Protein chains: 2
Amino acid sequence: MRDRSSKSASYSVDLVLMTAMGDKLAILLARNSSERERWSVPWRIPQSGEALDAAANRAAHDALGESPAWTEQIGAFGDGKRHPSEIDVSVAYLALVPHETATLRAGYTWFQVADLPALSPRQRAMVEGATQTIQSRLDQAPIAFRLLPATFTLSELQQMYELLLGKRLHKASFRRALQAAWLVEPTDEWRSEGRGRPAQLFRYLPKKRRRAHRGVRFDFLYP
Amino acid sequence: MRDRSSKSASYSVDLVLMTAMGDKLAILLARNSSERERWSVPWRIPQSGEALDAAANRAAHDALGESPAWTEQIGAFGDGKRHPSEIDVSVAYLALVPHETATLRAGYTWFQVADLPALSPRQRAMVEGATQTIQSRLDQAPIAFRLLPATFTLSELQQMYELLLGKRLHKASFRRALQAAWLVEPTDEWRSEGRGRPAQLFRYLPKKRRRAHRGVRFDFLYP
DNA sequence: GCGAATTAGTCACTTTCTGTGACTAAAGTC
DNA sequence: GACTTTAGTCACAGAAAGTGACTAATTCGC
């Protein structure tokens, strides 16, 4: 990548930037000229005094020309897995953009996560971690909304959840849950998508949520 | 701390080691001789080639003489907040031990998380992150069991959940959910705790879980 | 010894939530 | 105008959660 000024720096910031392309998740990769793998996740070495998320944001700006709709740290990766550079530890960030409005700079390409080229072991672990983070935080953070444009139909939102969860959802149940959670509000616009009845457009409704006052749910997955 | 060999190292591993003392959460702090704050979370600079979790485990061993019952990375902290040393970035680990069996080496003390002494800003952020991680992963990882001895009564388990969740639970609901999740198995031991009927002892039952096959739950908390 | 107090463990009832199929509505296609 | 397609809603059955009351086994006070 760029800023390889200090070859001895011991940590990097790596960016797993994801989007939804059609019905597949995709990840942004940068073409490498000098490293062993032909492609890699964008990464930067923080400049002196630069915060970690600032470095992640810089990597995103270099690729997109704008800030992602969502950015969140995944964790620090090291522990023996090889990185594109000789860096000991890499702090990975997950970032999301809606595919509709994203335009890529030269040297960057979207790859479907199901069909990635060879990546360094450490970066492959980061991609793995990023997809797990998405699934696990889907019900705590507005992940799905950050992958959609500002307004969307409820069918589009449902399809996004189906993509992220990897399973079909029942329309009536989905909408009932959505209503109960006060997550969206209708706009006065409608969209006619070729055939079929036009759909109303909605927008995400960030709001002070009253904490769910449920008891324990042992929906555990762990061994 | 110790191993201050390379003052120029740019990242550390910091350990937020927690336990349940009575009905309060407590955290392990190490007394400082030279740093600005009198107390700090134990931290280490990874030795060359040492993995991040190995460094966290080393910090735990130095304090306890044994490995924690649970260890998990929380994330990397930097972003301007001051650390005990001049280190740029610190990778924080959450670790758990049952209070009953933990014995501390000299220079280490438990503090209730509600009543901590002055800590460096970065370490305070880590403690904050650790408590959030505990709450958010309580239903995905055996957090409560790692804070209890190998065998325990169901009342003790319920009290642990009440402590971690910060709210009372109904006994019948708690046990019903526990049964449905196949999380514990009875031993043939009973414990008489002074007055009242003796309680059967249970142990944690790690097991291949069948994935919860539920739909979406918009139990969101986010703004 | 015996009743009160205390803690464990279970049951049964009510309320709430979820899964699901069927229904109506509004557009385009032929 | 009949048929197809997508949006949006309803209503019912079944499952799950909230809750109070009940039985069980022990210690304490007298």
Side-chain angles (χ1 to χ4, degrees), chain A residues 22-23 138-139 148 151-163 165-203 209-221, chain B residues 22-23 138-139 148-149 151-163 165-203 209-220:
Chain A
D23 63 343
L138 192 53
D139 60 347
L148 286 170
T151 64
F152 45 81
T153 70
L154 295 188
S155 295
E156 289 170 341
L157 181 61
Q158 181 176 342
Q159 284 162 25
M160 186 62 72
Y161 271 96
E162 290 176 342
L163 166 59
L165 291 168
K167 66 179 175 192
R168 302 292 321 272
L169 301 173
H170 189 93
K171 182 169 54 164
S173 296
F174 180 79
R175 293 177 183 217
R176 182 175 40 204
L178 207 49
Q179 280 225 306
W182 290 91
L183 276 177
V184 297
E185 66 180 359
T187 69
D188 49 3
E189 290 178 283
W190 296 72
R191 176 190 299 163
S192 193
E193 196 73 82
R195 49 190 148 276
R197 171 176 169 177
Q200 191 166 15
L201 292 178
F202 289 75
R203 72 167 62 89
R209 322 294 332 305
R210 55 282 168 281
R211 178 73 174 90
H213 44 308
R214 297 304 229 5
V216 211
R217 277 282 291 278
F218 294 102
D219 275 357
F220 296 8
L221 329 172
Chain B
D23 62 343
L138 192 53
D139 59 346
L148 286 171
T151 63
F152 44 82
T153 70
L154 295 188
S155 294
E156 288 170 342
L157 182 60
Q158 180 175 344
Q159 283 163 23
M160 185 63 70
Y161 271 95
E162 290 176 341
L163 166 59
L165 291 168
K167 66 178 175 192
R168 302 291 322 270
L169 301 173
H170 189 95
K171 183 169 53 165
S173 296
F174 181 79
R175 292 176 183 219
R176 183 175 38 204
L178 207 49
Q179 279 225 307
W182 289 90
L183 275 177
V184 296
E185 65 180 359
T187 69
D188 50 3
E189 289 178 283
W190 297 73
R191 176 191 299 161
S192 194
E193 197 72 84
R195 51 188 144 275
R197 171 176 169 176
Q200 191 168 14
L201 292 179
F202 289 76
R203 72 166 62 89
R209 320 297 333 303
R210 58 284 169 276
R211 177 74 175 88
H213 44 307
R214 297 306 227 3
V216 211
R217 275 281 292 277
F218 294 103
D219 272 357
F220 295 8

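These numbers come from a predicted model, not from an experiment. Residue numbers start from 1 in every chain, and the chains themselves are labelled A, B, ... in the order their sequence lines are given, proteins ahead of strands.
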Q: Taking atom CZ as the centre, does A/Arg168 end up with more than 12 heavy-atom neighbours from other residues, nucleotides or ligands that are less than 6.0 angstrom away?
A: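 12 or below, so no.
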Q: From CG of B/Leu178 over to C1' of C/dT10, roughly how many Å is that when rounded to an integer?
A: 14 Å
Q: From the options A/Leu169, A/Val184, A/Leu154, select the one residue that forms a side chain to side chain contact (heavy atoms under 4.5 Å, CB included) with A/Arg175.
A: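 Going through A/Leu169, A/Val184, A/Leu154 one by one, the side chain to side chain contact (heavy atoms under 4.5 Å, CB included) with A/Arg175 is satisfied by A/Leu154 alone.
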Q: For A/Trp190 and C/dA26, what is the distance between atoms CH2 and C1' respectively, to the nearest whole Å?
A: 9 Å
Q: What is the distance, rounded to the nearest whole Å, between atom CZ of A/Arg191 and atom P of D/dT5?
A: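 My rounded result for the distance is 21 Å.
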Q: If I compare all heavy atoms of B/Thr151 with all of B/Arg203, which pair ends up nearest, and what's the gap?
A: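 Heavy atoms only, the tightest pair is CG2-CB, 4.4 Å.
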Q: How far does CZ of A/Phe152 sit from CZ of A/Arg191, to the nearest 0.5 angstrom?
A: 10.5 Å
Q: Just the rounded figure in Å: distance from C1' of D/dT6 to CD of A/Gln200.
A: 15 Å
Q: For A/Glu193 and A/His170, find the nucleotide of DNA chain D closest to each by heavy atoms; which residue's nucleotide sits nearer the 5' end?
A: A/Glu193
Q: Tell me the interatomic distance from B/Leu157, atom CG, to C/dA8, atom C1', rounded to whole angstroms.
A: 14 Å
Q: Report the nucleotide, chosen from C/dT20, D/dG20, C/dG9, that has the shortest atom-to-atom distance to any side-chain atom of A/Ala172.
A: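 Comparing C/dT20, D/dG20, C/dG9 against the side chain of A/Ala172, the answer is C/dT20.
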Q: Side chain of A/Ser173 only, please: which of C/dG21, C/dG19, C/dG9 is the nearest?
A: C/dG19
Q: Looking at the side chain of A/Arg176, which of D/dG8, C/dT18, D/dT19 is the nearest nucleotide?
A: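 It is C/dT18.
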Q: Using a cutoff of under 3.5 Å, can you pull out all pairs of nitrogen or oxygen atoms linking the protein to nucleotides 26-30 of chain D, with atom names and distances?
A:
unit_1 : atom_1 : unit_2   : atom_2 : d
D/dT26 : O2     : B/Gly196 : N      : 3.4

Q: Nearest heavy-atom pair of A/Glu193 and A/Glu156: which atoms, and what distance?
A: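 In terms of heavy atoms, the two residues are closest at OE1-OE2, 4.4 Å.
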Q: Step through the shown structure and confirm whether more than 12 heavy atoms of other residues, nucleotides or ligands are within 6.0 Å of CZ on A/Arg195.
A: no
Q: If the cut-off is 4.0 Å, is A/Ser155 near the phosphate of D/dA7, judged by side-chain N/O to OP1 or OP2?
A: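 Checking D/dA7 against A/Ser155, a side-chain N or O does come within under 4.0 Å of OP1 or OP2.
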Q: Can you check the B/Leu201 CG to C/dA8 P distance for me, whole Å?
A: 11 Å
Q: Any side-chain heavy atom of B/Leu178 sitting closer than 4.5 Å to one from B/Leu157?
A: yes
Q: To the nearest Å, how far apart are B/Glu156 CD and C/dG9 C1'?
A: 15 Å
Q: In whole angstrom, give the distance that lies between atom CD of A/Gln158 and atom C1' of C/dT20.
A: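 My rounded result for the distance is 13 Å.
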Q: Side chain of A/Lys171 only, please: which of C/dA8, D/dT9, D/dG20 is the nearest?
A: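 When the side chain of A/Lys171 is considered, D/dT9 is the closest of C/dA8, D/dT9, D/dG20.
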